[in-house]
Amino acid sequence: MSAATQTKEIARRRTFGIVSHPDAGKTTLTEKLLLFGGAIQEAGAVKSNKIKKGATSDFMDIERQRGISVATSVMAFDYSNCKVNILDTPGHKDFAEDTYRTLTAVDSVIVVIDVAKGVEEQTEKLVQVCRMRKTPVIVFINKMDRPGKEAFDLLDEVEQKLGLTVRPLSWPIGMGDRFQGVYSLYEQRLVLFSPGKKKQGRPEEVIAFTDLNNPELDELVGEEAAEELREEVNMIEEVYPVFDREKYLAGDLSPVFFGSAINNFGVKELLDCFVEIAPPPQARNAEERLVKPNEDNFSGFVFKIHANMDPKHRDRIAFLRICSGTFERNTNYLHVRQEKKLKFSNPTSFMAAKKEVVDEAFAGDVVGLYDSGNFKIGDTLTEGEELHFKGIPSFSPEQFRRVINGDPMKSKQLAKGLSQLMEEGVAQLFTRQADNAQIIGTVGALQFDVIQYRLEHEYGATAVYEPISLHKALWVTSEDEKALKAFEERRRSNIARDTEDRLVFLAESAWTLQSTKDAHPEVEFHTTSEL
Ligand code: G4P
């Protein structure tokens, strides 16, 4: 591998995630993007990774979901000289923590919002993480073929609820039944929508249009709509900042596009702009130093682990984001935490929505590594350097159960099962100091069923749950060691340790949390484990 080839390969990578509330159109948009990239040939090829609404979630659903999500975890395709890697961010509420973690492995994000529903809860939570990490965000307002909120109101909502500064790069002409298309402010052209043609490729007509005062506009969209568009575009120029790529890359400005994914409308405009402005692989912070993508030596971290729920096939796939250099098959790499060398004979890539063995992959890519239990989330592989990548935090869980061993003969199995499931990042385990109670915390309630089922089927252990009334678990630190000790003593019954032995405060209610914070101003409370 020559240095020049490596540089070129890395520079053309665009690794991103699509974030949305379930049903906003993430799967549909992903599919249209793959169609443009030639990665799939027909619509319907990407299975929705969510558990179908209406159906009660049972184990079959969980298993099916897991099967699908291995296939759709990473979808790569070539487009316009770029290699685009889409990292799937599972949309179901109960898989939120996995989604959060995937955001640590992307360089940018596209947020999909349903024009009728506006900004929804899960989008808010996920974008909060993007903001914290300064991830560049593009917004796609979907379902313009349906009646929905007024565009300006929606932009206000995005600014307020998501805390993003926005700048429209396309603007809708009407919506719902009256939706006629969009004016691309980025490319100064009119893209007209003709819904009837949706089955035959791109349902649109593209007309270069640099001067909106040109009377031809009235002929094309009608006088009223033309006048409205002129006024609105004037308003945009007055109210919103000009688009500045540097600001977007710094996470300080979010371009907004409008379209309809199902009609494949506005998707190409989004993709064309995306490959032009979205960041190539970015440098990542390790505890030791900043690691740049184009370094000679390979490094990467595991951000997701997929276990096979079939007890006969216990192997797991660890998803590794390459941070620097070139990863090569059958080459010895250092597993930093275990201080041992590992090599991989069949690392997998996910080109063209198919899994295939790769000989090499570059910074920005994700490879799947078959694993018999060596990895846990956050593990680093390098060519020998001791690196620990930052930014793979656990998130403060909101649902809790106390776990008790249901079979005294199987306590070892239970301990092992719990420990492995926690390594996979299925949930978090806290040990309360006062009574050694083991408390599982998750972001969504379905995980409890998954854990119980997997403990039984994969480890032969019986976990019994007891309800426990907890509001939140927060990591605590203080610069004042004495104060922290005193806090630990005074709040003994609320203190626990996580699996990394970090100090955690268990709050029974929002009120306890607030009053504890008030009483201990010298202690800091954190909602993620990355302190
Ligand atoms: P998700 O992955 O974000 O959960 O959403 P998904 O793409 O599955 O889309 C959710 C629903 O919204 C789907 O309908 C999909 O067809 C529809 N949809 C997506 N984009 C548009 C759009 O631009 N306009 C309109 N009108 N609908 C759109 P469904 O009935 O739930 O599923 P299906 O039976 O169509 O698969």
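Order of listing sets the numbers, starting from 1, for every ligand and every atom in it.
The backbone and the side chain of K26 each have at least one atom closer than 4.0 Å to an atom of ligand 1 (non-hydrogen atoms only). Here D145 has side-chain heavy atoms under 4.0 Å from ligand 1, and that is the only part of it that gets that close. Under 4.0 angstrom from ligand 1, the non-hydrogen atoms of S20 all belong to its side chain. With a 4.0 Å heavy-atom cut-off, ligand 1 is reached by no atom of L29.
Checked for salt-bridge contact, D78 and K83 miss the test: no charged N lies under 4.0 Å from a carboxylate O. A salt bridge is absent between K161 and E121: the closest approach of a Lys/Arg side-chain nitrogen to an acidic carboxylate oxygen does not fall below 4.0 angstrom. The pair D365-R321 fails the salt-bridge criterion, with no side-chain N (NZ, NE, NH1 or NH2) lying under 4.0 Å from an Asp/Glu carboxylate O.
Side-chain contact between V109 and F16 is absent, with no heavy atoms from C-beta onward closer than 4.5 Å. Counting heavy atoms from C-beta outward, D23 and D114 have side chains that stay 4.5 Å or more apart.
By the ring pair (Phe, Tyr, Trp, His ring centres under 6.0 Å) test, Y186 is found to be paired with no residue, residues two or more places apart in sequence or in another chain being considered.
Atom numbering of ligand 1 starts at 1 in the shown order; those under 4.0 Å from a heavy atom of S260 are 22 (C), 23 (O), 24 (N).
When the options I262, T27, T28 are ranked by their closest heavy atom to atom 9 (O) of ligand 1, first place goes to T28. Checking T30, D23, V267 against atom 10 (C) of ligand 1, the nearest heavy atom belongs to D23.
Ring orientation note: the planes of F344 and F327 are tilted relative to one another, at an angle of 30° to 60°.
Residue P22 places no N or O, backbone or side chain, under 3.5 Å from any N or O of ligand 1.
The shortest separation from a heavy atom of N142 to ligand 1 is under 4.0 Å, placing the residue in contact.
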